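Take a look at the structure below.
None of the values given here were measured: they were computed from a predicted structure. For ligands, and for the atoms within them, numbers begin at 1 and follow the listed sequence.
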Amino acid sequence: MRRKLAAGNWKMNGTAAALAELDTLAAALSGDGPQVVICPPAPLLYRAAEKAKGTGIAIGAQDCHMQEAGAFTGDISAAMIADTGARFVIVGHSERRDAHEESNRDVRAKAQRAWDAGLTAIICIGEALDDREADNTLDIIAGQLAGSLPDHATADTTVIAYEPIWAIGTGKVPTLAQIVEVHDFIRAELSHRLGAEAAESITLLYGGSVKPENAAEIFRAENVDGALVGGASLKAADFAPIIDALAAS
Ligand code: 13P
């Protein structure tokens, strides 16, 4: 059985006061539901991890550096993230691929560092609107997956998040058929790379304008094992119903 996972990416939102949402979310969770991960901004990681202890909520970072340590002013290593008590890290989010010009090779190196530090890497891939309109989606996905995923991925070390760039923060969501097509394709690509058994065990998330209103529909797809949620993860009142929809799927 693959683990179901609901991950919230707070992006550059929230100061210490926002951590109260963790209490509200924890109170809304039932013990045997999906794995829940909250990825707050880096300055909140330690406090979030302390607060989340014993709640069943895991904490993740939004990025890590591709080097182990050194003269990289302003950057954060995977080992530092693990040291806060966080257990996950998002790598290769489209906002970082775009604004920080991160290549597949960079993302792969970051994922490897995450693994080395004992973190689970949530590796993001997804096509731009131009790619979608030119019917290049599956080629883009294949290239990103081949380039961003280190060798020997396992269900413990790796989660893959499909986030079409045009669906992020826009309120536009692909059709269920479009989501099914890409998620089935990712599973097949993983199977070629890792073998069927390992590929079947890896959790695949959909991300991009997931809301309480559309979550149940998205979770109907067999190869969607959860969601990577931006805006609707900031408030427990929005995130909890998404987690409930996943639990019921
Ligand atoms: P939204 O849910 O706000 O569209 O963001 C998705 C996302 O980028 C999560 O990483």
Side-chain angles (χ1 to χ4, degrees), residues 4-14 18 21 25 34-42 44-45 48 57-64 81 86-100 102 106-107 110-111 114 119-129 131-132 137 140-141 144-145 148 158-176 178-179 182-183 186 203-219 221 224-246:
K4 294 181 182 180
L5 194 159
N9 175 9
W10 284 6
K11 307 190 179 183
M12 198 172 73
N13 295 291
E21 292 297 326
L25 188 62
Q35 164 89 69
V36 175
V37 182
I38 293 289
C39 302
L44 297 180
L45 283 173
I57 300 173
I59 300 301
Q62 299 173 13
D63 179 46
C64 67
I81 291 166
R87 290 172 36 217
F88 289 77
V89 60
I90 298 169
V91 294
H93 193 283
S94 60
E95 287 153 14
R96 295 207 57 93
R97 289 179 185 265
D98 180 26
H100 298 265
E102 290 185 4
D106 297 338
V107 175
K110 288 176 179 221
L119 299 169
T120 298
I122 302 175
I123 301 175
C124 299
I125 55 179
E127 83 285 4
L129 188 58
D131 304 320
R132 168 67 62 181
T137 298
I140 295 289
I141 295 299
Q144 289 179 338
L145 199 56
S148 306
T158 306
V159 171
I160 308 286
Y162 168 56
E163 297 205 308
I165 297 169
W166 49 275
I168 295 176
T170 58
K172 288 188 195 145
V173 184
T175 63
L176 185 62
Q178 288 173 321
I179 295 175
V182 177
H183 279 249
I186 294 171
T203 296
L204 304 186
L205 308 182
Y206 168 79
S209 296
V210 178
K211 307 283 178 221
E213 302 75 43
N214 60 22
E217 170 77 1
I218 293 166
F219 297 143
V224 173
D225 308 309
L228 180 54
V229 183
S233 72
L234 295 172
K235 293 284 172 219
D238 296 325
F239 199 33
I242 295 173
I243 297 164
D244 289 343
L246 180 59

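Across every non-hydrogen atom of Ile218 and Leu176, the tightest pair is O-CD1, 4.0 Å. When all heavy atoms of Val89 and Leu119 are compared, the pair lying nearest together is CG1-CD1, 4.0 Å.
Counting only N and O atoms by type, the side chains of Gln62 and His93 include no donor and acceptor under 3.5 Å apart.
Ala232 does not count as a contact of ligand 1, since none of its heavy atoms falls under 4.0 Å from the ligand. For the ligand labelled ligand 1, residue Gly207 lies outside the 4.0 Å heavy-atom shell. By the 4.0 Å heavy-atom criterion, Lys11 is counted among the residues contacting ligand 1.
Summarising the geometry, atom OG1 belonging to Thr158 is positioned 11.0 Å from atom CG belonging to Leu204; distances are rounded to the nearest 0.5 Å.
Residues Asp63 and Lys110 meet the side-chain proximity criterion, which asks for heavy atoms closer than 4.5 Å. With a 4.5 Å cut-off on side-chain heavy atoms, Pro40 and Glu21 do not count as touching.
Of the heavy atoms in Leu228, both backbone and side-chain atoms come closer than 4.0 Å to ligand 1.
Under a 3.5 Å cut-off, the side chain of His100 and the backbone N or O of Glu102 do not form any donor-acceptor pair. At distances below 3.5 Å, at least one donor-acceptor pair connects side-chain atoms of Gln144 with backbone N or O atoms of Gly126.
Within ligand 1, the atoms closer than 4.0 Å to a non-hydrogen atom of Asn9 are 9 (C), 10 (O), numbered from 1 in the order shown.
Annotation: His93 places an N or O atom under 3.5 Å from an N or O atom of ligand 1; distance criterion only. By the 3.5 Å distance cut-off applied to N or O atoms, Gly230 is counted among the residues near ligand 1. Close N/O approach between Thr170 and ligand 1 is not found [any backbone or side-chain N/O within under 3.5 Å]. Taking distance alone, with nitrogen or oxygen atoms compared against 3.5 Å, Gly169 approaches ligand 1 more closely than that limit.
Among protein heavy atoms, atom 3 (O) of ligand 1 sits closest to Gly231 N, 2.9 Å. The shortest contact between atom 7 (C) of ligand 1 and any protein heavy atom is with Glu163 OE2, 3.1 Å.
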